[in-house]
There are 2 protein chains.
Amino acid sequence: MKTMTKSGAAALPLNSIVSGDCIEVMRSLPEASVDLIFADPPYNLQLKGDLHRPDNSRVDAVDDAWDKFDTFAAYDRFTREWLAAARRLLKPHGAIWVIGSYHNIFRVGAALQDAGYWILNDVVWRKSNPMPNFRGKRLTNAHETMIWASKSEGAKYTFNYEALKALNDGVQMRSDWVLPICTGHERLKDERGEKAHPTQKPQSLLHRVMVGCTKPGDVVLDPFFGTGTTGAVAKMLGRDWIGIERDAGYIKAAEARLAKVRKYDRDALVVSTSKRAEPRIPFGQLVERGLLRPGEMLVNARGKQAKVRADGTLIADDVRGSIHQVGAAIEGAPSCNGWTYWSFSRDGQKVPIDLLRQQLRAELG
Amino acid sequence: MKTMTKSGAAALPLNSIVSGDCIEVMRSLPEASVDLIFADPPYNLQLKGDLHRPDNSRVDAVDDAWDKFDTFAAYDRFTREWLAAARRLLKPHGAIWVIGSYHNIFRVGAALQDAGYWILNDVVWRKSNPMPNFRGKRLTNAHETMIWASKSEGAKYTFNYEALKALNDGVQMRSDWVLPICTGHERLKDERGEKAHPTQKPQSLLHRVMVGCTKPGDVVLDPFFGTGTTGAVAKMLGRDWIGIERDAGYIKAAEARLAKVRKYDRDALVVSTSKRAEPRIPFGQLVERGLLRPGEMLVNARGKQAKVRADGTLIADDVRGSIHQVGAAIEGAPSCNGWTYWSFSRDGQKVPIDLLRQQLRAELG
DNA sequence: ATAGGCGTTGAATCTACCT
DNA sequence: TAGGTAGATTCAACGCCTA
């Protein structure tokens with residue numbers, strides 16, 4: 001087990017499973033230390049006589065409707081407690097994913113919002129092979145819902161847009177994901193050959209979440225670890241992980257599973273990055289470096305010209321300013337990306353100035 | 001207008017639009033008199049500044065006053081009030097459908113449960129042509145969520161299993177519905193040619209709801225009638241309808257629309273049955289699904305290798321990109337079909353990756 | 001007539017960094 | 001902390017026009 005200390009606080013039990021109640025365990029861990037939380041909370045509503053129910057004595061005295069409300073209230077209390085403990089653990093730029101079905105997801109979503117999380121998307125896991133509805137009384141329950149939320153409104157968060165776009169054949173990733181349920185060899189079995197966990201999630205689901213929302217080396221926490229799908233995918237992808245689980249049987253199964261997981265090659269973990277991640281090159285540097293001469297003319301797509309000045313600004317008619325400002329002024333647009341807007345002439349050809357930027361980036365390593 | 005009296009109570013304003021606040025109007029109508037409620041309440045989007053497309057055009061956002069609430073608490077109060085008034089109107093065997101997005105649906109769902117409704121399914125409307133995410137900061141918001149609930153736990157409800165199965169090519173209807181958004185001729189325009197309502201729902205959506213959950217002659221109420229999609233589909237299908245709307249402009253547009261609707265005029269219902277194209281399988285899905293492992297090598301016919309990365313891109317020498325891009329680069333060709341170009345090794349055999357795609361297609365049916 | 005190009009549009013919580 | 005500016009970013013469908 002690798003551990004980490006943060007300014008003298010309790011150690012973070014990286015790459016291990018902590019046995020116990022997730023609320024208590026989370027409260028004992030150092031705050032602002034986790035990059036991503038993936039949570040698959042229970043939603044069987046079997047909280048009667050279980051934890052977090054303050055007053056059992058009243059149960060038999062009330063009618064069904066009241067009891068129903070009381071059950072929801074108990075579930076809400078449980079939800080709000082673990083969500084608060086989880087939020088404390090998140091770094092300011094961290095994020096959470098929660099998965100659920102119509103039984104619980106509405107209560108979880110409302111509690112998330114009330115706790116100060118900021119919902120970024122809800123994502124539908126569309127199961128390609130769901131269990132049919134045998135009685136024909138309802139629609140086939142063919143999906144589950146995930147909520148992706150940042151720690152607070154306006155907070156930064158990790159989103160590997162280009163990587164997910166690449167995963168989706170070059171088209172931006174949508175909020176509905178078609179993936180099969182966990183079956184076959186991936187599904188863990190116990191000694192009797194029965195499924196080890198009733199709701200084991202497919203690794204493909206976690207793969208997409210982590211490729212999209214974490215960086216290599218990030219810390220991923222799963223407070224309802226179960227048989228450890230989150231840990232398995234995190235390990236494969238070179239992320240650190242922490243699992244919390246109170247069922248000894250699940251822990252045992254997860255530990256056996258995780259021991260067998262291999263991390264992918266380092267260069268296989270690299271995912272496509274966007275232009276945003278590349279070093280910024282001021283336009284003036286092209287002039288300084290002699291890639292463009294002061295006095296040289298740039299043109300836009302319609303042939304409109306602007307003259308390059310020694311300080312890296314442009315002048316066209318009465319407008320002067322940065323490549324972006326002059327482009328925006330000509331277009332009457334609120335903004336403009338000058339790098340793609342302007343071209344220059346070389347050997348009678350119009351060449352976008354962005355090419356010079358790329359050239360400079362390559363030189364600068 | 002056809003009216004109905006129920007044991008001396010106030011008349012039910014069948015097949016007409018009632019002008020006014022939906023909570024007040026619903027409170028004035030006779031209880032237990034409606035079979036189905038379809039509600040498209042304000043989403044409380046909380047939009048801030050303008051949004052521009054990459055081509056600098058401005059997105060015409062939903063900035064109407066009716067969608068603005070000061071706090072979640074205010075939105076909750078509103079939601080709980082209209083849900084309570086609606087529940088009073090429902091017959092004991094009636095049902096409700098509510099549609100929303102992640103901004104509001106979790107609050108609506110929790111309020112439904114607290115009010116005593118019993119959720120039967122949540123249904124995902126997967127939009128075949130959603131608006132993209134222009135800034136690349138989140139996932140494309142490609143779906144909305146509908147909740148289907150009976151009046152109370154254990155209550156009977158109408159569900160036309162066979163009819164929906166027939167609508168779905170003889171296969172049990174699932175909880176995810178792929179339908180296009182409302183565009184083209186179906187989209188109502190005002191005198192200036194602008195969209196008459198910012199959030200008009202497609203008739204195909206209401207068609208499926210009513211075919212599945214009502215009988216001919218049932219009374220369908222829509223408390224947020226807008227430009228009357230619910231009424232139009234109800235009329236076509238021979239159901240009685242009641243609309244409540246407080247905006248005079250929407251009422252006028254809806255009345256003009258409804259006057260033109262013919263009962264049983266199936267052709268008017270543009271159910272875009274997009275030809276079931278072969279499901280597109282992104283190469284990345286082979287990686288997510290574990291059919292190929294990040295770090296694994298692919299080879300072309302001449303033995304040239306490329307390494308698979310976690311996001312479904314390849315890397316070979318200095319070239320990185322999709323299976324098609326890397327293939328094209330190696331060949332010096334303008335394009336390349338990566339599916340037939342690349343193979344992988346299994347048990348010492350070279351196997352084309354297209355075989356894995358076919359395998360996946362078969363699974364996804 | 002028909003194919004193809006071009007412009008428009010849709011329930012959207014849509015930036016990052018430096019001063 | 002607020003303000004200013006660099007500069008990154010889109011998919012499917014429909015209607016209109018031209019070849």
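In this text, all values refer to a predicted model and were calculated from it rather than measured experimentally. Chain letters run A, B, ... following the sequence lines, proteins first, then strands; residues in each count from 1.
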Is the shortest distance from a Lys or Arg side-chain nitrogen in [X] or [Y] to a carboxylate oxygen in the other one below 4.0 Å?
X        : Y        : answer
B:Lys195 : B:Asp60  : yes
A:Arg361 : A:Glu278 : yes
A:Arg357 : A:Asp354 : yes
A:Lys307 : A:Glu296 : no
B:Asp55  : B:Arg53  : no
B:Lys201 : B:Glu186 : no
A:Glu144 : A:Arg126 : no
A:Glu153 : B:Lys48  : yes
B:Arg320 : B:Asp311 : no

Just compare D:dT10, D:dA13, C:dA12 and give me whichever is closest to any side-chain atom of B:Val59. C:dA12
I'd like to know if [X] reaches the base of [N] with its side chain, counting only an N/O donor and acceptor under 3.5 Å.
X        : N      : answer
B:Thr140 : C:dA12 : no
A:Arg357 : D:dG7  : no
B:Arg138 : C:dT13 : yes
B:Lys48  : C:dA12 : no

Heavy atoms within less than 4.0 Å of DNA chain C: which residues of residues 70-80 of chain B have one? Give them sorted by number. none
How is [X] classified with respect to the nucleic acid when contacts are heavy atoms under 4.0 Å: base, sugar-phosphate, or nothing?
X        : answer
B:Leu139 : nothing
A:Arg276 : sugar-phosphate
A:Ile119 : base
B:Asp67  : base
B:Asp40  : base
B:Ser101 : nothing
A:Pro282 : nothing

Check the distance between D:dA13's C1' and B:Arg187's CZ and give it to me in whole angstrom. 13 Å
Rounded to whole Å, the CG-P distance (A:Leu314 to D:dT5) equals 15 Å
Convert the base pairs of DNA chain C into dot-bracket notation, remembering that pairs crossing earlier ones are written with [ ] and that bases paired across to another strand are shown as |; include only Watson-Crick or G-U pairs under 3.5 Å. .|||||||||....|||||
Below 4.0 angstrom from OP1 or OP2 of [N], is there any side-chain N or O of [X]?
X        : N      : value
A:Tyr341 : D:dA6  : no
A:Lys165 : D:dT9  : no
B:Asn141 : C:dC14 : no

Considering only the C1' atoms, how many Å lie between C:dA1 and D:dT18, rounded to the nearest integer? 13 Å
Please give the distance between the C1' atoms of C:dC18 and D:dG7 as a whole number of Å. 14 Å
Close aromatic pair by centroid cut-off 6.0 Å: B:Trp148 and B:Trp97: yes
Glycosidic torsion of C:dT13 (syn if within 90° of 0, anti otherwise) classifies it as syn
